[in-house]
Amino acid sequence: MDQRPILLVEDNQDDEVLTIRALQKNHIANPVTIVRDGAEALDYLFATGAHEGRSDDETPALVLLDLKLPKIDGLEVLRRIKAEEKTRLIPVVILTTSKEEQDIVASYRLGVNSYVRKPVDFNEFTEAVGRLGLYWLIVNIPPFGR
Amino acid sequence: MAEDQFHLLFETMGEGVVYQDATGRIIEANPAAERILGLTQDEMMGRTSMDPRWACIREDGSALPGSAHPAMIALRTGRPVLNVLMGIFHPRENGYRWAVVSAIPQTRPGETAPFQVYTTLTDVTEIRAADAARRESERRFSLLIEAANEGIVLHRLVFDANGKPLEYVLNEMNPAAERILGKSKAEVIGRSSREVYGTAEPPYLDTYAEVAKTGIPQRFETYFAPMDKHFYVSTAPLGTDGFATIFFDMSDSKRLEEALRKRLLVLTQPPGDTGAVAFGDIFDLEEIQALQDAFSHAAGVSSIISDTAGNPITRPSRITRFCSQIIQKTERGLANCIRSDAELGRVSDHLPNIRPCLCCGLMDAGMPIMLGDRAIANWLVGQALVEPCRENDIVEYATRLGANPEEAREALAEVPRISVERFSAITELLQITATQLSKLALQNLLQGREISRRMDAERDLRELNLELEKRVAARTAALEEINRELSAFSYSVSHDLRTPLRAIDGFSQALLEDCVDGLDVSGKDYLNRIRAATLRMSSLIDDMLHLSRITRQEQNLTEIDLSAMATEALGELRNMNPDRIVTCEVQPGMTAFADRQLMRIALMNLLSNSWKYSAKHKTAKICFRCEQQDGETVFIVSDDGAGFDMTYVDRLFGVFQRLHSAKDFEGNGIGLATVKRIITRHGGRIWAEGATEKGASFYFTLPGSKPDGETPAPPTPGTA
């Protein structure tokens with residue numbers, strides 16, 4: 001199993017704890033790297049700013065991206081990830097509260113790999129996280145091997 | 001020329017050549033001759049010019065006998081006969097070909113009589129036809145020019161040595177031009193424009209020179225002062241040094257237009273008093289002049305219309321020499337006349353004032369022309385000697401003013417003498433005419449006022465419309481702003497309100513799982529209640545967002561089959577609750593012009609309501625049908641279920657309003673509010689009737705809906 005980290009882009013600490021709990025309940029053992037806003041997410045992904053010089057091993061296996069983020073919003077982060085040769089093959093899952101059609105359409109236009117709406121019911125949330133972790137970390141064979 | 005070369009020429013030349021022997025028999029002909037004559041060489045061989053089959057004619061159509069044929073004459077006389085135009089019957093075309101024919105006799109040396117003759121024929125049939133067409137066209141064209149109503153004049157420009165145009169000469173003109181210019185052809189043809197029009201410079205020379213130079217026609221409207229006329233002129237080039245003008249006199253229409261414009265201007269301006277309105281503002285003075293002239297002519301007296309101060313408005317008609325040449329030639333006489341004229345009209349408004357002229361004593365009568373209650377002019381008639389008259393006194397008065405008594409007496413002799421009766425008849429006519437003019441004046445003024453009022457109203461309306469448009473635009477902008485805010489609000493609701501709910505539910509769950517040992521039964525119960533409440537809140541938020549989305553969503557109106565839609569919805573309900581015994585009746589053929597998606601939501605809500613609220617009964621019946629009420633189609637969804645208390649009917653369609661407890665019937669009170677929004681957005685109405693435990697009926701209308709055919713079909717059992 002791919003042991004590179006999962007990058008969780010999430011500004012809400014409650015959601016952060018719940019997401020990690022849901023990952024653990026699904027026995028997804030990848031390390032989780034947490035960034036709090038869109039700018040930091042980009043810094044991490046492109047190894048710039050505070051994350052300059054991070055090792056290639058820390059390139060995430062999966063990005064869980066919230067849409068409503070401080071500084072740079074989720075759609076812009078997604079656009080930048082998918083526009084860069086270096087990062088565009090990293091699977092990105094939008095993990096958000098919104099199910100506004102405009103967000104869903106925009107995300108798929110920008111090439112998102114999945115769009116998951118965080119359900120209020122924690123049991124459902126755990127199931128959803130489990131499904132996407134299973135798919136993107138285990139079933140899916142990334143085009144670049146280790 | 002070599003023999004073979006000559007032969008080639010003979011065979012290919014365009015002119016026909018025929019050789020005849022001394023007796024006139026044809027011995028040879030070239031292909032061109034065969035073509036022109038319509039005969040092969042073999043066919044014509046041996047024929048003479050005397051043969052009647054040639055059926056030749058002269059230009060005037062008369063028969064040309066064989067003896068008069070150029071070839072025969074040439075043979076007879078021994079001299080060539082040149083260029084005779086003749087028509088020769090062409091048997092293949094069954095018509096005449098025209099040819100110019102020359103016959104050259106050939107004589108051997110030493111002989112006098114020709115031994116043969118050769119004839120050339122030049123085919124001119126086509127040239128003649130074209131010529132005839134051109135002549136016919138010219139004839140028609142000149143007829144047109146002769147008959148035209150517009151004046152047409154052809155001119156030639158005259159240039160100086162440097163090619164600068166100096167003048168133009170009139171070369172040709174049509175009868176209309178003679179009429180319009182008031183000059184005969186003989187007077188103007190060959191003369192320069194300056195001579196014809198008596199102007200210092202050739203009128204419009206620059207324009208005409210430009211037309212001739214550029215070859216581009218021009219048109220213009222002009223007031224031509226020397227003739228005091230308005231013209232509309234089109235001018236076209238004729239070669240490089242000539243031009244044609246085509247023109248008509250638009251003075252009359254111009255004058256009418258101007259008078260109308262001026263009148264409207266005056267009449268529509270002062271809304272209050274009539275003080276500023278003068279006689280000339282209300283009447284066309286040329287028309288009034290014509291009326292006054294006709295009046296004077298018929299009555300045989302002088303006549304003039306003056307303003308209230310006595311100054312003339314019209315030109316005098318039939319003025320007597322005595323007044324104009326004797327009395328008014330003196331300074332005091334003229335002043336007296338004006339004063340008298342002013343006095344005449346002033347005395348009475350309704351009856352003509354008759355009395356001797358204050359000036360000279362000739363009999364005058366005056367009648368004011370009123371605008372409402374104000375005189376705007378006086379119509380004066382008279383300068384007549386009404387018997388019995390005191391001629392000596394009048395002559396004496398003229399002499400006092402400084403006139404020559406002999407001349408005065410002579411002039412007075414020319415003044416018409418009329419009887420008292422006749423003069424009173426004339427004044428009566430004057431009264432009637434002037435009264436009519438007064439009425440007309442008032443009418444004109446009132447019409448003007450009315451036009452003015454309408455123009456004001458139109459302007460007000462335009463301004464009001466503009467104002468309304470502005471307001472609508474502002475309101476629309478405000479609404480759009482509200483819509484944007486609403487979108488932003490619901491977006492943030494969907495995001496921000498749900499996030500804490502997820503935390504409440506998630507951590508309650510975590511507490512249940514991780515700290516299970518520290519919780520007793522009621523502690524676990526409380527946590528489960530927290531979780532249930534959280535999920536209910538989440539579902540409320542979802543419903544609210546759904547409702548607001550329905551309000552904002554764009555409508556796509558199409559013809560939809562409500563009957564089929566309802567049958568489908570009832571089928572879904574039946575699949576979800578296969579154990580229920582429900583009779584469903586859907587009237588077939590109900591259609592509406594509505595948004596398919598929204599109507600499906602509305603119908604599903606209504607039918608599932610009926611389904612839900614009839615669940616406590618052993619059997620149930622649900623109907624969907626329509627009725628005509630006051631000319632509109634009313635759709636009805638009814639059931640025989642729990643119904644409701646009519647006391648609370650007002651709360652039925654409110655958001656989150658419920659008439660039943662969640663314990664009895666689950667639901668969150670958003671369904672009917674949604675239905676109402678959908679119906680209202682379609683421009684329809686919705687209302688309900690019901691009674692507790694006796695079922696409920698929901699009625700709604702949709703503009704543009706109609707039942708199938710005119711008579712509603714009887715309800716048929718649906719999917720039950």
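A note on names: the letters A, B, ... follow the listed sequences, proteins ahead of strands, and every chain is numbered from 1.
- Contacts of A/D121 with chain B are made by both backbone and side-chain atoms, with heavy-atom separations under 4.5 Å.
- When each of A/V9, A/L65, A/L45 is paired with A/V92, the side-chain contact (heavy atoms from CB on, under 4.5 Å) condition holds for A/L65 and for no other.
- Ring-plane geometry between B/W687 and B/Y699 is classed as parallel, the angle between the planes falling under 30 degrees on a 0 to 90 degree scale with a further cut at 60.
- When heavy atoms are compared at a cutoff of 4.5 Å, A/K118 approaches chain B by way of both its backbone and its side chain.
- Residue with the most contacts toward chain A among B/I504, B/L535, B/L501, B/T534: B/L535 (heavy-atom pairs, distance under 4.5 Å).
- Top candidate by heavy-atom pairs under 4.5 Å with chain B, chosen from A/N123, A/L67, A/N12, A/T96, is A/N123.
- Residue pairs meeting the ring pair (Phe, Tyr, Trp, His ring centres under 6.0 Å) criterion with at least one member in residues 32-62 of chain A, sequence neighbours excluded, are A/Y44-A/H51.
- Panel note: side chain A/S107, backbone A/D103; a donor-acceptor pair is recorded below 3.5 Å.
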